[in-house]
Amino acid sequence: MFAAEEHAITTKLSAFCAENGLPDPGKIVFLPIPFAGHWGLSTSFFQLAAQNARLVKERTGQPTNVQQHAQEIAEKAAAYLGTPPSFARVEAVRGYLNLYFEPNEFARRVVATVIEAGDSFGSGAPKGQRVMVEFSQPNTHKAFHVGHLRGTIFGDALCRILEFAGYDVVRANYPGDIGLHVIKWLWNYMTRHAGERPMKDITQWMGDVYAEANRRLEENPDLEAEVRALYARWDQRDPEVVALWEETRQWSLDGFEDMYRALGIHFDRYYFNSTAEHPGKQVVNELIEKGIAIDERPTGGAVIVKIDELLGLKKDKYRVMVALRSDNTALYATEDLALAIQKFNDYPDLVKSLYIVDVRQSLHFQQVFKTLEIAGYSIAAKCIHIPYEIVNLPGNVVMSSREGTVVLLELLIGEATARAMEVVREKNPNLDAAQMQSVATAIGLGALKFPMLAREISKVVTFDWETALDFNGQAAPYIQYAHVRCCSILRKAQAEGLAISREPSAFDFPLHPTEIQLIDLISRVPGDVQRAAEEYKTLHITNLAFELASAFTTFYDACPVVKAEANIRAARLQLVAAAKQAMANTLALLGITAPEVM
RNA sequence: GCCCCAAUAGCUCAGGGGAUAGAGCGUUGGCCUCCGGAGCCAAAGACGGCAGUUCGAGUCUGCCUUGGGGCGCCA
């Protein structure tokens, strides 16, 4: 947001270094001054001092105290710079150079920028780079549970962030519509549930039939022969099996669509597991021809790739990838080899192909990408697996659709919304029924999504109802409430005939520290969006959204708006509008609705 | 056995090699006749261990401990 200032200062500092016989500092990193109530840019000279110290030691053999030297450089630099335009003062402290903004001018500028940009405030210029994000990957013929929710919600938020940051994003889904689990389901359906079709809660029922199949096979392992026989019929495209598969698969897909709609998530492109089977086998043949894969089928084995051996590694790292079963049926690896290539055929200009998939598949993706690399596919370098940790139940119980120990998503959304509804009814009984419903949905979904996005993706989330439905503290409802208060002030002002000026306000009064803090945070939105996009971390946005809400609430408590003197009121009304916009935009990046009332 | 991930306050989590390690929950104590108290202010309270790299390590590297995950025909 202060790129022009940073650039000007960088230029002057480079000149300063050249004139003083110091090494060129290169790209100078500016960070906010990390003390509450202080607003400006900060940089340090430790690296420069250390670099110079090494040069001096090479030349003269004399050691230099880096801390002292950094402070000397900072002092000289401060003197050299003087006080640049738009800055209030410059100071050198303990090796740091702190440049304090002239707060009134920057306040005016930040607030005017936000109001001008509106919904696009914080977005980056188009980069002309396309990124594919594959996420969600639900299995048909199984339940959709909270375990899947994390990857789905994270993937959606990441797409929103990447898009806002300036990338062209392809949202891809890859349903597991074939495989052993589907065959087991079909087997159980044919032998126990033929002709059945529930009218509601289809996804849940599909999951029940699958869990039952596993129970039956566990109780009577002899039945596995029937399942294997059915798999063989599928592989030969037996019309009866194919027809049943097509019909029941659609039931699941319809159920998923309902759930995505409820969550506010959409996809641009569907790849299906089943359509990757055949191309996958072709890739495997190619690997055999190239001498990368070893065909052990003649001796009853599978087709394997001994990756560590091919790389000449001493220790087991990539191990052995099974590329094709001994009976010629496809595995996930078979299909993922083909799919990785297919994505670049469909979108040749992809700069990155991201996979948002559960951490337990890390080795699988390393094997697939490494095998493609060995086979000479340069796209392999652009394929990145972003592993997310699983969601556990309290007591470290893993959710498993095979065992049926899952919290179903429909149930969870329903419960979250119902709980939100209860609170809304209590806090704001004057809302009409439709408003209440939409507010409860916004709050319930926000409460659900926020904890999944606010955590490092590599950390396990333990799901419990109490935390997920806790509307207090560091959670989405707190931010939504701050947004509602902004709306409330603006409504009140309007009711009193105090329209917000479209001209930028002067902010020509002493700013309150809470006011400066709020404006400071608002100004960080564009930079944090870029950072979140570069690092694939939704966490940066949840942190910022919460800090914005916290800063606004503190400001709200300390500074009257509507009742302030006319010139202050005009400026603060604009500030409230800007804060509201900043919160709405960051929440939008998280896939969370910012209500006007609640 | 090998590989990957994690460890920060009583609990749940932040922390961009750099200044004074921050929140929320919980606990204790306060708060405005004022724009919505789902709030605000304050107190107490923390970097698993040992080395190393570095001018400087919660952050990087190695080893150890503890917990989780993965490892030829599951997905």
Side-chain angles (χ1 to χ4, degrees), chain A residues 29 31 33-35 42 44-47 49-50 53-54 63-70 93-96 98 137 139 142 176 179-181 273 296 301-306 315-327 329 331-334 357-364 366-367 387 389-390 392 396 398 402 423-424 426-428 443 451 454-456 458-462 466-467 470-475 477-478 480-482 484-493 496 531 535 539-540 542-543 546-547 550 553-554 556-564 572 576 597-598:
Chain A
V29 176
L31 291 174
I33 298 169
F35 306 113
S42 164
S44 67
F45 292 98
F46 300 108
Q47 282 177 29
R54 278 192 292 273
T64 308
N65 181 318
V66 171
Q67 300 289 328
Q68 279 176 19
H69 189 40
V93 189
R94 305 180 63 181
Y96 289 85
N98 292 332
Q137 306 104 341
N139 284 323
K142 275 192 185 181
L180 199 55
H181 72 278
N273 207 191
E296 294 182 339
V303 179
I304 59 170
V305 181
K306 295 186 169 180
K315 286 184 176 175
D316 293 355
K317 187 169 172 71
Y318 298 98
R319 302 183 182 262
V320 173
M321 182 179 80
V322 178
L324 194 65
R325 285 200 189 90
S326 51
D327 64 0
T329 55
L331 292 139
Y332 244 43
T334 322
V357 185
D358 171 352
V359 65
R360 289 173 295 189
Q361 294 186 37
S362 293
L363 179 60
H364 161 75
Q366 283 187 45
Q367 290 178 328
E389 261 294 357
I390 55 167
N392 277 344
N396 223 4
V398 180
R402 207 163 26 178
V423 184
V424 173
E426 181 199 325
K427 301 281 181 189
N428 204 345
I443 296 173
R455 231 155 237 83
E456 198 68 61
S458 58
K459 297 198 178 173
V460 176
V461 168
T462 298
E466 208 173 316
T467 310
D470 187 358
F471 294 167
N472 297 310
Q474 216 168 36
Y478 176 86
Q480 291 169 315
Y481 184 60
V484 164
R485 281 175 148 183
C486 290
C487 296
S488 190
I489 290 177
L490 297 175
R491 268 197 309 273
K492 178 152 181 120
E496 294 184 10
R531 191 176 162 216
E535 299 178 10
L539 176 66
H540 295 317
T542 56
N543 282 348
F546 177 74
E547 281 178 38
S550 176
T553 311
T554 309
Y556 173 93
D557 206 60
C559 301
V561 177
V562 177
K563 292 189 173 65
R572 285 187 178 160
V576 170
V597 293
M598 65 190 269

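In what follows, chains carry the letters A, B, and so on, assigned in the order in which the sequence lines appear, proteins first and then strands, with residues in each chain numbered from 1.
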Mind calculating the distance between [atom1] ([X]) and [atom2] ([N]) to the nearest angstrom?
X	N	atom1	atom2	value
A:N65	B:C55	CG	C1'	8 Å
A:L363	B:G69	CG	P	16 Å
A:L31	B:A19	CG	P	11 Å
A:F546	B:G15	CZ	C1'	15 Å
A:K306	B:C71	NZ	P	19 Å
A:N543	B:G24	CG	P	13 Å
A:D327	B:G72	CG	C1'	14 Å
A:Q366	B:C2	CD	P	18 Å

Using a cut-off of strictly less than 4.0 Å, decide whether [X] has a side-chain nitrogen or oxygen near OP1 or OP2 of [N].
X	N	value
A:T554	B:C41	yes
A:R94	B:U20	yes
A:R455	B:C13	yes
A:R485	B:G37	yes
A:K459	B:A14	yes
A:Y478	B:C40	yes
A:R325	B:C74	yes

On the side chain of A:S42, is there an atom forming a donor-acceptor pair with the base of B:A19 - under 3.5 Å, no angle test?
yes

Quick check: any donor-acceptor pair below 3.5 Å linking the side-chain of A:R319 to the base of B:G72?
no

Assign [X] to base, sugar-phosphate, or nothing according to its heavy-atom contacts below 4.0 angstrom with the strands shown.
X	result
A:T553	sugar-phosphate
A:L331	sugar-phosphate
A:N98	base
A:A50	base
A:Q137	nothing
A:E456	sugar-phosphate
A:V423	base
A:N428	base
A:V359	nothing
A:P560	base
A:Y318	nothing
A:V597	base
A:C559	base
A:S458	sugar-phosphate

For A:D557 and A:K315, take the nucleotide of RNA chain B holding the closest heavy atom to each; which residue's nucleotide lies nearer the 5' end?
A:K315

Judged by each residue's nearest nucleotide on RNA chain B, which is more toward the 5′ side, A:S488 or A:L539?
A:L539

May I ask you to check whether over 12 heavy atoms, not counting those of A:Q366, lie within 6.0 Å of atom CD?
yes

Nearest of [options] to any side-chain atom of [X]?
X	options	answer
A:M598	B:C35, B:C74, B:A38	B:A38
A:I304	B:C2, B:U20, B:G72	B:G72
A:I443	B:C74, B:A19, B:A38	B:A38
A:V66	B:C55, B:A38, B:G16	B:C55
A:Q474	B:A23, B:A14, B:C2	B:A23
A:Q67	B:A19, B:A38, B:C55	B:C55

Looking only at side-chain N and O atoms, does A:N98 offer a donor or acceptor that is under 3.5 Å from a partner on A:S42?
yes

Quote, to the nearest angstrom, the [atom1] distance that separates [N] from [M].
N	M	atom1	answer
B:G70	B:U61	P	24 Å
B:G69	B:G52	C1'	29 Å
B:A57	B:C2	C1'	30 Å
B:C47	B:U8	C1'	4 Å
B:G48	B:A44	C1'	23 Å
B:U12	B:G68	P	15 Å
B:U33	B:A7	P	47 Å
B:A14	B:A9	P	12 Å

Under the criterion of centre distance below 5.5 Å and interplanar angle below 30°, is A:Y332 classified as stacked on the base of B:C74?
no

Side chain [X], main chain [Y], donor-acceptor under 3.5 Å:
X	Y	result
A:R572	A:P560	yes
A:S488	A:V484	no
A:R485	A:Y481	no

Could you measure the distance from the CD atom of A:E456 to the CD atom of A:E389? Nearest 0.5 Å is fine.
11.5 Å

